Amino acid sequence: MMNSYQQTNQNYLKNQVMSASPAQLITMLIAGGIKNVKQAQTAIAVGDVIKTHDKLINAQDIIMELRYSVKEEIDAELSHQLITMYEYMYNQLVLANVNQDVAKIAEVEQLLMDLLTTWKQIETQV
């Protein structure tokens, strides 16, 4: 059962998603990916294997959502590059989860941060 604070936050997030542009949705997903990989790094640092796993699975799900949001018909070359990068990040997170590898998580975090910067620039131009 949710308390009123959790319900308010959930309603706020739902309203944000429902009123967001496609570019804003992408930035929200990327930000969620960053949040989850940071939380996974913290969980590894304190030895919480279960939380690490859960946060990395969340990040993997977000990356797959990003991967399948790519519209390949618009620009085949750029689409291929994005898909390749998303699949690379996904695979790095799988390996990080298996091996509790902070370096792989940090690499994915940096890639996501770079993507977020790019998408925020795109957002301002749209």
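Treat the numbers as computed from the prediction; the structure is a model and nothing was measured.
Distance check, rounded to the nearest 0.5 Å: CD of Glu72 to CD1 of Ile83 gives 3.5 Å. Within the model, atoms CD1 of Ile105 and NZ of Lys55 stand 13.0 Å from one another, a figure rounded to the nearest 0.5 Å. Rounding to the nearest 0.5 angstrom, the gap separating the CG atom in Leu66 from the OH atom in Tyr90 is 13.5 Å. Note: Met113 CE to Ile34 CD1 = 6.0 Å, rounded to the nearest 0.5 Å. Between the CG atom of Leu25 and the OG atom of Ser69 there is a distance of 9.5 Å, given to the nearest 0.5 Å. Interatomic distance, Gln39 CD to Ile44 CD1, rounded to the nearest 0.5 Å: 12.5 Å.
Looking only at distances, a side-chain donor or acceptor of Gln24 sits under 3.5 Å from a matching main-chain atom of Ser21. One N or O on the side chain of Asn36 and one on the backbone of Gly32 form a donor-acceptor pair closer than 3.5 Å. Here the side chain of Ser79 pairs a donor or acceptor atom with the backbone of Lys71 at under 3.5 angstrom.
Within a 6.0 Å sphere centred on CD of Glu65, other residues, nucleotides and ligands contribute 12 heavy atoms or fewer. Under a cut-off of 6.0 angstrom, the local environment of CD in Glu77 is sparse, with at most 12 non-hydrogen atoms contributed by other residues, nucleotides or ligands.
The nearest pair of heavy atoms linking Asn97 to Gln100 is O-NE2, 3.1 Å. Summarising the geometry of Gly33 relative to Ala59, their closest heavy-atom pair is O-CB, 4.3 Å, with the distance given to 0.1 Å. Here the closest non-hydrogen pair linking Leu116 and Ala31 is CD1-N, 4.4 Å.
Residues Asp48 and Ile50 form a side-chain contact, since some pair of their non-hydrogen atoms from C-beta on lies under 4.5 Å apart. Between Met89 and Leu112, some side-chain heavy-atom pair lies under the 4.5 Å cut-off. Within the 4.5 Å cutoff, side-chain heavy atoms of Met85 are placed close to those of Leu115. By the 4.5 Å heavy-atom criterion applied to side chains, Leu56 and Gln41 are not counted as neighbours. The closest side-chain heavy-atom distance from Thr42 to Lys38 is not below 4.5 Å. Residues Val108 and Ile63 meet the side-chain proximity criterion, which asks for heavy atoms closer than 4.5 Å. Using a 4.5 Å heavy-atom cutoff, the side chains of Tyr86 and Leu111 are not in contact. Between Ile26 and Ile30 the shortest side-chain heavy-atom distance falls below 4.5 Å.
Hydrophobic clustering keeps Val98 apart from Met64 (ILVMFWY residues linked when any side-chain heavy atoms are closer than 4.5 Å, directly or through intermediates). With hydrophobic clusters built from ILVMFWY side chains whose heavy atoms lie under 4.5 angstrom apart, Ile57 does not share a cluster with Val37. Linking ILVMFWY residues whenever their side-chain heavy atoms come closer than 4.5 Å, directly or via other members, places Leu78 and Tyr68 in the same cluster.
With 3.5 Å as the limit, one finds no donor-acceptor pair spanning the side chains of Glu87 and Asn91. Glu107 and Tyr88 are linked by a side-chain donor-acceptor pair at a separation below 3.5 angstrom, with hydrogens and angles left out of the test.
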